[in-house]
Amino acid sequence: MDVKQKVKLVIERLKTLYPDAKIALKFENPLQLLISTILSAQCTDERVNEVTAKLFQKYRTAEDFAKASLEELAEDIKSIGFYQQKAKYIKEACRILVEKYKGEVPKTMESLLELPGVARKTANIVLANTYGIVEGIPVDTHVRRLSQRIGLVKANQPEKIEKELMEIVPKEKWFIFPHLLQAHGRKVCLARKPKCEECVIKDLCDAYTSTN
DNA sequence: CTCCCGATAT
DNA sequence: ATATCAGGAG
């Protein structure tokens, strides 16, 4: 089957299964989403939400994070992995926000990529989910795993996967596509033990059809 | 490529 | 015990 036709069917079926698929990180403004997304690296969104519930009470502006003590900030996010690195990223990123952008989160890919701890995945998420600016497709662990299993892409590096996906997913679906794959990745197409028998797209999946 | 790294599922 | 979790930097 043509890969674009496969993408169309995957989106149709997953949309029926997850009609309310959207970002799982909780946030009230662009700054909160930026921080949450930096924190979410190699960590479940659920735990990020637990930590940020308290964190965003304590730190309300970019300036609050920028002038925070690094040790204290690290301690406040300790239950998340990579907490020392992430504390540095957040403090430094917020210092730049205050210095260059009046404490606000910039609206361009180029500006976001200058922030430490921010690459295309994080920038795509922030732009799309706060400003409605869809420049690409965020490739996280779920988008990567499912795209590879289904057989939508051949590449192994996130940036190359994003490029391949941008060529086969219609642009008007760039926003919903990663949300659908993430929802399916968390509930059915699990990393360790995928529940293939209950999967609504198993007939379209290379990983399934090649072994069954 | 390695390193960062705690919490949870298997 | 080990793999995995909405990755990114050096």
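Throughout, a chain's letter reflects where its sequence line sits, starting with A, and its residues are numbered from 1.
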Query raised in the report: With a 4.0 Å cut-off on heavy atoms, is A:Arg144 in touch with a base, just the backbone sugar-phosphate, or nothing at all?
Result: nothing
Requested in this report: Return the stacking result for B:dG6 and A:Phe82: yes when the ring centres lie under 5.5 Å apart and the planes under 30°, no otherwise.
Outcome: no
Query raised in the report: Would you call A:Arg95 and A:Glu92 a salt bridge, taking side-chain N to carboxylate O under 4.0 Å as the test?
Result: yes
Query raised in the report: Roughly, in whole Å, what's the span from CZ in A:Arg186 to P in B:dA9?
Result: 14 Å
Query raised in the report: Is any NZ, NE, NH1 or NH2 atom of the basic residue among A:Lys8 and A:Asp2 found under 4.0 Å from an Asp or Glu carboxylate oxygen of the other?
Result: no
Query raised in the report: Cut-off 3.5 Å, side chains only: do A:Glu162 and A:Asn124 have a donor facing an acceptor?
Result: yes
Query raised in the report: To the nearest Å, how far apart are A:Lys26 NZ and C:dA6 P?
Result: 15 Å
**Report entry** Pairing of A:Lys187 and A:Glu198 as salt bridge, 4.0 angstrom limit
**Finding:** no
Query raised in the report: If you measure from the P atom in C:dG8 to the same atom in B:dA7, how many Å do you get, rounded?
Result: 23 Å
Query raised in the report: What nucleic acid atoms does A:Glu46 come within less than 4.0 Å of, heavy atoms only: base, sugar-phosphate, or nothing?
Result: nothing
Query raised in the report: Roughly how many Å is it from NZ in A:Lys187 to P in C:dC5, rounded to a whole number?
Result: 17 Å
Query raised in the report: Which nucleotide sits closest to the side chain of A:Ala191: C:dA9, C:dG7, C:dC5?
Result: C:dC5
Requested in this report: Starting at atom CG of A:Leu25, determine the distance to atom C1' of C:dG7, rounded to an integer number of angstrom.
Outcome: 13 Å
Requested in this report: Please tell me which of A:Arg47 and A:Leu113 maps to the more 5' nucleotide of DNA chain C, matching each residue to the nucleotide holding its nearest heavy atom.
Outcome: A:Arg47
Report task. For A:Leu190, report the nucleic acid contact type (base, sugar-phosphate, nothing); a contact means any heavy atom under 4.0 Å. Result -> nothing
Requested in this report: Name the nucleic acid region contacted by A:Ile38, choosing base, sugar-phosphate or nothing; use a 4.0 angstrom heavy-atom cut-off, strictly under.
Outcome: nothing
Query - Note: A:Asp203-A:Lys6 ion pair, threshold 4.0 Å (strictly below) - result: no
Check residues 125-133 of chain A and write down every donor-acceptor pair under 3.5 Å in which the side-chain atom is one partner and the other belongs to a residue at least two apart or another chain.
{"unit_1": "A:Asn129", "atom_1": "ND2", "unit_2": "A:Ile125", "atom_2": "O", "d": "2.9"}
{"unit_1": "A:Thr130", "atom_1": "OG1", "unit_2": "A:Val126", "atom_2": "O", "d": "2.5"}
{"unit_1": "A:Tyr131", "atom_1": "OH", "unit_2": "A:Val105", "atom_2": "O", "d": "2.5"}

Requested in this report: Quickly work out the A:Gln42 CD to B:dC4 P distance and round it to whole Å.
Outcome: 14 Å
Report task. Could you pick out which residue, A:Tyr83 or A:Glu50, lies toward the 5' side of DNA chain B when each is mapped onto its nearest nucleotide? Result -> A:Tyr83
Query raised in the report: What integer distance in Å separates A:Leu39:CG from B:dG6:P?
Result: 15 Å
Requested in this report: Pick base, sugar-phosphate or nothing for A:Val118, based on heavy-atom distances below 4.0 Å to the nucleic acid.
Outcome: sugar-phosphate
Report task. State whether A:Asp76 and A:Lys58 are salt-bridged, where the test is any N-O pair (Lys NZ or Arg NE/NH1/NH2 against Asp/Glu carboxylate O) under 4.0 Å. Result -> yes
**Report entry** B:dC5 OP1/OP2 closer than 4.0 Å to side-chain N/O of A:Gln85
**Finding:** no
Query raised in the report: Counting just side-chain N and O atoms, does A:Ser79 come under 4.0 Å of either OP1 or OP2 of B:dG6?
Result: no
Requested in this report: For C:dG8, take OP1 and OP2 only and decide whether either is under 4.0 Å from a side-chain N or O of A:Thr122.
Outcome: yes
Query raised in the report: Can you tell which of B:dC5, C:dA6, C:dA9 lies closest to the side chain of A:Gln84?
Result: B:dC5
Query raised in the report: Side-chain N or O of A:Arg145 less than 4.0 angstrom from OP1 or OP2 on C:dC5?
Result: yes
Query raised in the report: Which part of the nucleic acid, if any, lies within contact of A:Lys86, taking any heavy atom under 4.0 Å across all strands shown: a base, the sugar-phosphate backbone alone, or nothing?
Result: nothing
Query raised in the report: When the distance from NZ of A:Lys88 to P of B:dC5 is rounded to whole Å, what number comes out?
Result: 8 Å
Requested in this report: Pick the C1' atom in C:dT4 and in B:dC5, then give their distance to the nearest Å.
Outcome: 13 Å
Query - For atom CG of A:Asp45 and atom P of C:dC5, their distance in whole Å - result: 11 Å
Report summary line: When A:Cys43 and A:Lys193 are each assigned the nearest nucleotide of DNA chain B, the 5'-most assignment goes to A:Cys43
Query raised in the report: Considering only the P atoms, how many Å lie between B:dT10 and C:dA6, rounded to the nearest integer?
Result: 13 Å
